[in-house]
Amino acid sequence: MSSSLTLWYKYLEKSKLTPPDWVFSVVWPLLYASIIAYYVLMILYTSCFNFQCIPLILFTVQMCLNILWPIVFFTYQKPKSAFMIILLMIGLTYATIYYSILISPKYTYILIPYALWITFASYLNGYIVIYNNEVFSTI
């Protein structure tokens, strides 16, 4: 993160539940490893090859939003828009879990930590939107 982005984020009013920065650098690699494992297992050991099944389509769209979220939040400094994105991510992730259970319950459990983390992240994002409202005049 550039210094101007770091300063912008540093001075936002954040929840007391916001973890220290180092937590994010530990959690995200673990979550991305689990996401890769989910994809690979679903493709190799279920009927979800060629990305023609609902769970992988939903989760692929969700992962595109996951890539977009930090760009919108940090680079463009648009927490309101990022909050909308993360809400879509949550909906798509829980829909993925629902449809994945129908195909392979054991592989679906891999997504639970990710789903919980982005749900928590949405709280943190929402807190920033609510308690820094005067800073953000537009979405």
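What's counted below: heavy atoms across the whole structure, side chains too, no hydrogens, waters or symmetry copies. FYI, the numbering just counts along the sequence from 1.
- One finds the CD1 atom of Ile118 at 9.5 Å from the CG atom of Leu65 (value rounded to the nearest 0.5 Å).
- Scanning all heavy atoms of the two residues, the minimum distance from Leu56 to Cys48 falls at CD1-O, 3.3 Å.
- Of the inter-residue distances, the one linking Met89 atom CE with Ser122 atom OG reads 9.5 Å to the nearest 0.5 angstrom.
- With hydrogens and angles left out, the side-chain atoms of Asn66 and Tyr32 include a donor and acceptor closer than 3.5 Å.
- Of the possible polar contacts, none joining the Asn132 side chain to the Leu12 backbone as a donor-acceptor pair under 3.5 Å is found.
- Hydrophobic clustering of Ile, Leu, Val, Met, Phe, Trp and Tyr side chains at less than 4.5 Å, counting indirect connections, keeps Phe24 apart from Ile67.
- In this structure, CG in Leu68 is found 9.0 Å from OH in Tyr76, a value given to the nearest 0.5 Å.
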Go through it in stages, so that I can follow the logic: the residues are Glu13 and Ile128, the test is side chain to side chain contact (heavy atoms under 4.5 Å, CB included), and I'd like the CA-CA distance, side-chain angles, deciding distance and then a yes or no.
CA-CA 6 Å; Glu13 180 71 29; Ile128 286 171; over 6 Å; no
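- Checked against Tyr114 for a ring-ring contact (aromatic ring centres under 6.0 Å, His included), the options Tyr38, Tyr39, Phe59 give a single hit: Phe59.
- Smallest separation of non-hydrogen atoms from Ala121 and Ile86: CB-CD1, 3.7 Å.
- The two residues Pro79 and Asn125 have their closest heavy-atom pair at O-ND2, 3.1 Å.
- The closest side-chain heavy-atom distance from Phe120 to Pro19 is below 4.5 Å.
- A distance of 12.5 Å separates CG of Leu88 from SG of Cys64, quoted to the nearest 0.5 Å.
- In terms of modelled atom types and a separation under 3.5 Å, the side chain of Trp69 and the main chain of Ala82 share a donor-acceptor contact.
- From Leu87, atom CG reaches atom CG of Leu92 across 11.0 Å, with rounding to the nearest 0.5 Å.
- Residues Thr18 and Tyr127 have side chains that never bring a donor and an acceptor to within less than 3.5 angstrom of each other.
- Between Tyr107 and Tyr45, the ring planes are tilted. Angles from 30° to 60° get that label.
- Taking each heavy atom of Val72 and Ser81 in turn, the nearest pair found is CG1-CB, 3.7 Å.
- A donor-acceptor contact shorter than 3.5 Å is absent between the side chain of Ser100 and the backbone of Ile97.
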Please test Met63 against Thr93 for side chain to side chain contact (heavy atoms under 4.5 Å, CB included), starting from the C-alpha separation and ending with a verdict.
CA-CA 9 Å; Met63 285 308 299; Thr93 300; over 6 Å; no
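- Cation-pi geometry between Lys14 and Tyr9 is satisfied (NZ or CZ under 6.0 Å from the ring centre, within 45° of the ring normal).
- Listed by chain and residue number, Ser15 satisfy the side chain to side chain donor-acceptor pair (under 3.5 Å) test with Tyr123 (two or more places apart in sequence, or in another chain).
- Pro113 and Ile110 make their closest contact through CD-O, 3.4 Å (heavy atoms, listed as atom of the first residue, atom of the second, distance).
- Shortest non-hydrogen contact noted between Thr108 and Ile101 is OG1-N, 3.3 Å.
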Candidate pair Gln62 and Ile90, rule side chain to side chain contact (heavy atoms under 4.5 Å, CB included), full reasoning
CA-CA 8 Å; Gln62 186 281 147; Ile90 291 168; over 6 Å; no
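- Within 6.0 Å of atom OH in Tyr94, more than 12 heavy atoms from other residues, nucleotides or ligands are found, so the atom counts as buried in its surroundings.
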